[in-house]
Amino acid sequence: MTTFIKVIMEILPGGRHTIIPFAIVSLVLSSNLAFAQSGTGAATGSDTNSPQALKQLSLEQLMDMDVTSVAREPEPYKDAPAALQVITSDEIDRSGASSIPEALRLADNLDIAQKSSHDWAISARGFNTSLANKLLVLVDGRTVYTPLFAGVSWDEQDYILADIDRIEVISGPGGTLWGANAVNGVINITTKSAQDTQGLLVDGGGGSELRDFGAARFGGVLASNVYYRIYGKYFDRNSEVLPNGNSANDSWNMGQGGFRIDDVPLSPNTYTLQGDFNAGHEYVVSGGRANVADGNLLGRWTHTFSDDSDIQLQSYFYRTHLVDPIPADATLAPAGILIDDLDTFDLDFQHRLHLGTRNNFIWGMGYRRTHETDQNAPAVAFNPPDLDQNLYSFFLQDELMLLSNLHLTFGTKVEHNDYTGFEEEPSGRLEWDITKKQMVWVAVSRAVRMPSRVDESEDLPIANPAFRPFFGPSLLVGNSNFVSETLIALEAGYRAELGQKISGSVSIFYNLYNDIRSTSTSPTAFGTPLIFENYLKGETYGAELAGDYQMLTWWRLHAGYDLLKENIYVKSGETDFNGGHNETADPQQQVFLRSSMDLPANVQLDAALRWIDSLSINNGSALETVPSYFELDTRLGWQMTKNIEVSVVGQNLLHAQHQEYGYPTSATTEDIVRSGYGEVTCRF
């Protein structure tokens with residue numbers, strides 16, 4: 001398949017450089033072609049062997065789709081009182097995304113910047129730093145953030161994308177139901193049940209950056225109403241480039257396998273057992289190879305009393321392993337290897353019920369235990385190297401029907417962690433259904449970002465004894481008195497289906513932050529060691545707009561716009577080594593446009609254009625600016641037969657290379673290159 005895509009590039013006049021005009025011209029020509037022929041083309045085939053099964057949902061069907069992230073129970077998307085966007089399985093398939101971070105670009109309310117072949121910075125409503133820590137991510141109810149820095153290692157999150165049912169993205173706090181670190185948003189990834197992935201799927205291809213990839217999945221029946229699937233996948237990604245065009249030498253390969261079993265009998269009890277394991281190698285621009293591996297096993301039992309009442313018990317075990325090459329820190333410390341092993345055990349219970357005719361009540365409790373072991377490098381250390389932690393939680397939430405079209409939802413979550421003790425995260429939401437297809441909501445919430453291992457116990461030792469008399473034993477140390485960062489959020493929104501052709505939403509927010517992480521100097525001659533403190537505060541505000549327009553039965557357009565204003569500053573009487581700039585690296589504006597066409601002869605043509613504003617990123621005591629950029633992704637897919645689909649994908653087509661994150665003056669900052677790949681998918 002790698003040869004195939006290279007041939008396609010070369011036979012076009014001008015070779016690789018004609019991908020851009022070819023994509024644009026094909027978009028225009030396809031419109032005229034569709035007008036000239038009657039009927040609409042079929043969408044791609046699905047796991048049920050029907051070429052129509054993945055056909056785009058109508059706007060009405062999208063608005064009626066059940067989501068669970070806002071209320072922790074199924075409710076129609078149109079009635080969910082939050083800044084929520086839903087990425088469907090069909091949208092992922094048509095986007096040409098080959099990874100979860102790429103699929104998340106379909107959510108306009110996220111800020112996504114690719115940093116290298118294997119690293120991304122992803123956040124909502126700001127604070128998209130290299131250690132972004134205010135976004136909670138769940139996969140089938142399993143929290144995947146790492147307590148090492150309270151963020152997500154996106155290079156370790158992978159699935160066969162065809163097995164993802166939907167991705168729900170909330171911008172705004174979700175701590176009342178989901179707990180600490182759900183400060184600026186929640187991403188909830190839900191995979192399909194084994195019952196919905198029966199049969200055989202084989203997928204493979206390759207191209208310029210995504211050099212080679214392949215996946216296979218098989219679903220069958222173990223017993224009456226007991227379904228299973230097993231899968232395996234592998235990919236090999238090429239290196240990105242440095243600003244001078246030289247290779248960044250950061251190639252990446254990974255393999256993953258797993259299974260899922262769903263018992264869905266006619267009785268009120270349902271059971272799910274699933275697990276995944278992956279391992280891969282990541283080369284880094286500073287030299288060396290990082291090794292990553294993780295595995296998880298999850299079990300879930302649900303007992304249904306009625307349509308309005310059920311209980312659920314879920315438990316999982318999650319293990320991650322990281323071997324990270326740490327470069328030398330000038331002459332202060334030599335290069336070395338940091339090894340981090342983390343074991344997580346989690347137990348979660350929830351009960352949903354109706355109290356009377358007006359109260360929809362949900363409550364639950366949870367326990368999480370982590371065991372982390374670090375083998376420190378000369379330039380990076382964590383003390384103590386072994387750490388056991390416990391997290392206890394309890395939550396309750398009540399949806400009260402004030403009037404038939406007016407609902408008040410209020411509740412809180414109480415957590416106890418080993419760093420700061422008890423933390424409370426209350427919220428209140430008011431939903432007014434203007435009509436059956438229009439809804440207005442307002443909300444006020446409190447959320448916290450509890451300390452991480454980095455905040456409390458990171459140590460950057462000065463291993464070279466020649467420099468210790470001047471700088472001391474360490475360049476930077478954690479702070480055992482570090483407290484939780486807090487947020488008070490005010491939000492309002494409107495969501496509507498305006499006829500059969502137009503739907504959209506708008507949300508506005510004003511966030512007040514306190515005790516944000518700062519870096520303070522010591523009262524020594526050289527100001528070292530630097531110490532993490534909570535000396536920053538500030539506010540952010542902005543708006544998020546999204547809309548869909550079914551222009552024709554075969555042509556849908558989508559548009560999105562984000563505005564973010566930030567004002568983070570040092571508390572009165574305190575200091576910060578970075579002047580309050582180290583916790584934010586965010587574009588002020590983002591614009592998204594997508595076109596999705598079903599053409600004759602079972603052909604699909606999709607294009608996604610994005611404009612990302614410039615962003616300021618802190619480099620020591622100075623600010624550097626990452627320039628704004630336009631980029632275009634396209635996908636052309638053809639359902640050759642009932643079982644076979646071929647597609648060609650072009651990514652980042654408008655520039656040979658462009659920067660999305662990092663320091664423009666740094667020799668190791670990477671650019672993201674134009675790329676393309678071909679894919680063949682077979683379903684039986």
Colleague: Can you list everything that forms a side chain to side chain donor-acceptor pair (under 3.5 Å) with Ser666? Sequence neighbours excluded, please.
Modeller: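 In terms of side chain to side chain donor-acceptor pair (under 3.5 Å), with neighbours along the sequence ignored, Ser666 is linked to Thr668.
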
Colleague: For the atom pair CG (Leu487) and NZ (Lys134), what is the distance rounded to the nearest 0.5 Å?
Modeller: 9.5 Å

Colleague: So Leu104 and Ile187, do their side chains get closer than 4.5 Å, heavy atoms only?
Modeller: yes

Colleague: Distance only, no hydrogens: is a donor on one side chain within 3.5 Å (strictly under) of an acceptor on the other, for Asp586 and Asn128?
Modeller: no

Colleague: Going by atom types alone, do Tyr234 and Gln256 pair a side-chain donor with an acceptor below 3.5 Å?
Modeller: no

Colleague: Which label fits His655 and His658: parallel for a plane angle under 30°, tilted from 30 to 60°, or perpendicular past 60°?
Modeller: tilted

Colleague: So, are Glu209 and Arg211 salt-bridged, with charged N and O less than 4.0 Å apart?
Modeller: no

Colleague: Are the ring centres of Tyr513 and Phe127 closer than 6.0 Å?
Modeller: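 Judged by ring-centre distance (under 6.0 Å), Tyr513 and Phe127 do meet the cut-off.
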
Colleague: Between the side chain of Glu282 and the main-chain N/O of Asn253, is any donor-acceptor distance below 3.5 Å?
Modeller: no

Colleague: Under 4.0 Å between a Lys/Arg side-chain N and an Asp/Glu carboxylate O for Glu583 and Arg517?
Modeller: yes

Colleague: Can you name the closest pair of heavy atoms from Leu148 and Asp340 and give their distance?
Modeller: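 Shortest heavy-atom separation between Leu148 and Asp340 comes out as CD1-OD1, 3.9 Å.
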
Colleague: Does Asp346 reach the main-chain N or O of Arg142 with its side chain, forming a donor-acceptor pair under 3.5 Å?
Modeller: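 No: the side chain of Asp346 does not pair with the backbone of Arg142.
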
Colleague: Is a donor on one side and an acceptor on the other found under 3.5 Å between the side chain of Thr519 and the backbone of Phe577?
Modeller: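 Not confirmed, Thr519 side chain does not pair with Phe577 backbone.
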
Colleague: Counting distance only, does the side-chain N/O of Gln114 pair as donor-acceptor with the main-chain N or O of Ser116 below 3.5 Å?
Modeller: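 At least one qualifying donor-acceptor pair exists.
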
Colleague: Less than 4.5 Å apart, side chain to side chain, heavy atoms only: is that true for Asp459 and Phe382?
Modeller: no

Colleague: How far does CG of Leu242 sit from CD of Gln657, to the nearest 0.5 angstrom?
Modeller: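 Those atoms lie 9.0 Å apart.
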
Colleague: Donor-acceptor pair, distance only, cut-off 3.5 Å: does the side chain of Asp212 make one with the backbone of Asp236?
Modeller: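 No, because the side chain of Asp212 does not come within donor-acceptor range (under 3.5 Å) of the backbone of Asp236.
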
Colleague: Give every residue pair that meets the ring pair (Phe, Tyr, Trp, His ring centres under 6.0 Å) criterion with at least one member in residues 128-161, sequence neighbours excluded.
Modeller: none

Colleague: Within the distance-only criterion (no hydrogens, no angle test), does the side chain of Ser518 pair as donor or acceptor with the backbone N or O of Tyr535 below 3.5 angstrom?
Modeller: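 Yes: the side chain of Ser518 pairs with the backbone of Tyr535.
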
Colleague: Is there side-chain contact between Ile164 and Ile189, with at least one heavy-atom pair below 4.5 Å?
Modeller: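 The answer is yes, as the side chains (C-beta and beyond) meet within the 4.5 Å cut-off.
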
Colleague: So, His118 versus Asp155: side-chain donor-acceptor pair below 3.5 Å or not?
Modeller: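 No pair is found: no donor N or O on one side chain lies under 3.5 Å from an acceptor on the other.
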
Colleague: Kindly say whether Asp203 contributes a backbone atom to a donor-acceptor pair with the side chain of Glu679 at under 3.5 angstrom?
Modeller: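 No, Glu679 side chain to Asp203 backbone: no donor-acceptor pair under 3.5 Å.
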
Colleague: Out of curiosity, Ile170 CD1 to Asn188 CG, how far, rounded to the nearest 0.5 Å?
Modeller: 8.0 Å

Colleague: Is a side-chain donor-acceptor pair under 3.5 Å present for Glu102 with Ser98?
Modeller: yes

Colleague: For a quick test of reading the model, state the closest non-hydrogen atom pair linking Val186 to Leu138 and the distance between them.
Modeller: CG1-CD1, 3.7 Å

Colleague: Could you tell me whether Asp158 and Lys233 make a salt bridge, using a distance below 4.0 angstrom between a side-chain N and a carboxylate O?
Modeller: yes

Colleague: Does the side-chain contact (heavy atoms from CB on, under 4.5 Å) test come out yes or no for Asn582 and Thr129, once each step is laid out?
Modeller: CA-CA 7 Å; Asn582 202 49; Thr129 64; over 6 Å; no

Colleague: Does the distance from a Lys or Arg side-chain N to an Asp or Glu carboxylate O, for Asp606 and Arg594, drop under 4.0 Å?
Modeller: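 The answer is no: the pair does not qualify as a salt bridge.
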
Colleague: If we ignore hydrogens and angles and just use 3.5 Å, is the side chain of Asn383 paired with the main-chain N or O of Ser457 as donor and acceptor?
Modeller: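 Checked: no pair found.
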
Colleague: Return the orientation label for the Phe532 and Phe482 ring planes: parallel under 30°, perpendicular over 60°, tilted otherwise.
Modeller: perpendicular

Colleague: Could you walk me through whether Phe592 and Leu106 pass the side-chain contact (heavy atoms from CB on, under 4.5 Å) check?
Modeller: CA-CA 9 Å; Phe592 306 90; Leu106 295 167; over 6 Å; no

Colleague: Scan Tyr316, Phe277, Phe259 and name whichever one has a side-chain contact (heavy atoms from CB on, under 4.5 Å) with Leu297.
Modeller: Phe259

Colleague: Charged N to carboxylate O under 4.0 angstrom, Asp633 versus Arg610?
Modeller: yes

Colleague: Under a 4.5 Å cut-off applied to non-hydrogen side-chain atoms, are Leu136 and Thr143 in contact?
Modeller: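 Side-chain contact under 4.5 Å: yes.
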
Colleague: From the options Asn181, Asp455, Thr420, Asn534, select the one residue that forms a side-chain contact (heavy atoms from CB on, under 4.5 Å) with Ser484.
Modeller: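 For Ser484, the side-chain contact (heavy atoms from CB on, under 4.5 Å) test succeeds with only one of Asn181, Asp455, Thr420, Asn534, which is Thr420.
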
Colleague: Side chain of Ser239, backbone of Ser247: donor and acceptor closer than 3.5 Å?
Modeller: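 The answer is no, because no donor-acceptor pair under 3.5 Å joins these two groups.
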
Colleague: Any side-chain heavy-atom pair from Phe317 and Asp343 closer than 4.5 angstrom?
Modeller: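 In short, these two side chains touch, coming nearer than 4.5 Å.
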
Colleague: Do Ser251 and Arg237 pair up side chain to side chain, a donor and an acceptor below 3.5 Å, judged on atom types alone?
Modeller: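 The answer is no; no qualifying pair exists.
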
Colleague: Do Asp324 and Ile337 make a side-chain contact, defined as non-hydrogen atoms from C-beta onward lying under 4.5 Å apart?
Modeller: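 No, every pair of side-chain atoms sits at 4.5 Å or beyond.
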
Colleague: Go through the steps to decide whether Ile100 and Leu161 satisfy the test side-chain contact (heavy atoms from CB on, under 4.5 Å), and finish with yes or no.
Modeller: CA-CA 8 Å; Ile100 289 177; Leu161 295 188; 4.1 Å; yes

Colleague: Are Arg319 and Asp341 close enough for a salt bridge, meaning some N to O gap below 4.0 Å?
Modeller: yes

Colleague: Thinking salt bridges, do Asp374 and Arg453 make one under a 4.0 Å N-O criterion?
Modeller: yes

Colleague: Check the side chains of Gln590 and Asp613 for a donor-acceptor pair under 3.5 angstrom, ignoring hydrogens and angles.
Modeller: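 Result is no, nothing qualifies.
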
Colleague: Does Asn184 reach the side chain of Leu135, with side-chain heavy atoms less than 4.5 Å apart?
Modeller: no

Colleague: Measure the shortest side-chain to side-chain distance between Thr146 and Val152 over non-hydrogen atoms and say whether it is less than 4.5 angstrom.
Modeller: no

Colleague: Report yes or no: does Ser123 contribute a side-chain atom to a donor-acceptor pair with the main-chain N or O of Gly126 at less than 3.5 Å?
Modeller: yes

Colleague: Grab the two heavy atoms, one from Pro627 and one from Gln659, that are nearest each other, plus how far apart they are.
Modeller: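 The pair with the smallest heavy-atom distance is CD-OE1, 4.3 Å.
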
Colleague: Testing the basics here: between Glu456 and Ser480, what is the closest heavy-atom pair and its distance to 0.1 Å?
Modeller: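 Closest approach of Glu456 to Ser480: OE1-CA, 3.1 Å.
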
Colleague: Assess the pair Tyr677 and Phe213: is the distance between their ring centroids shorter than 6.0 Å?
Modeller: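 Yes: the rings meet the under 6.0 Å criterion.
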
Colleague: At what distance, to the nearest 0.5 angstrom, does CD of Gln651 lie from CG of Leu653?
Modeller: 8.5 Å

Colleague: Quick one: sort the Phe235 and Trp252 rings into parallel, tilted or perpendicular, breaks at 30° and 60°.
Modeller: perpendicular

Colleague: For a quick test of your reading: what N or O donor-acceptor pairs under 3.5 Å do the side chains of residues 283-292 make, sequence neighbours left out?
Modeller:
residue : atom : partner : partner atom : Å
Arg289  : NE   : Asn291  : OD1          : 3.2
Asn291  : OD1  : His281  : ND1          : 2.8

Colleague: Any chance the side chains of Thr665 and Glu624 put a donor and an acceptor closer than 3.5 Å?
Modeller: yes

Colleague: Can you tell me how far the CG atom of Leu623 sits from the CG atom of Asn578, to the nearest 0.5 Å?
Modeller: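 Nearest 0.5 Å value for the CG-CG distance: 9.5 Å.
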
Colleague: Between Glu631 and Leu609, does a side-chain contact (heavy atoms from CB on, under 4.5 Å) hold up when you go through it step by step?
Modeller: CA-CA 6 Å; Glu631 268 308 345; Leu609 179 71; over 6 Å; no

Colleague: Starting at NE2 of His321, measure out to CG of Asn278 and round the result to the nearest 0.5 Å.
Modeller: 12.0 Å

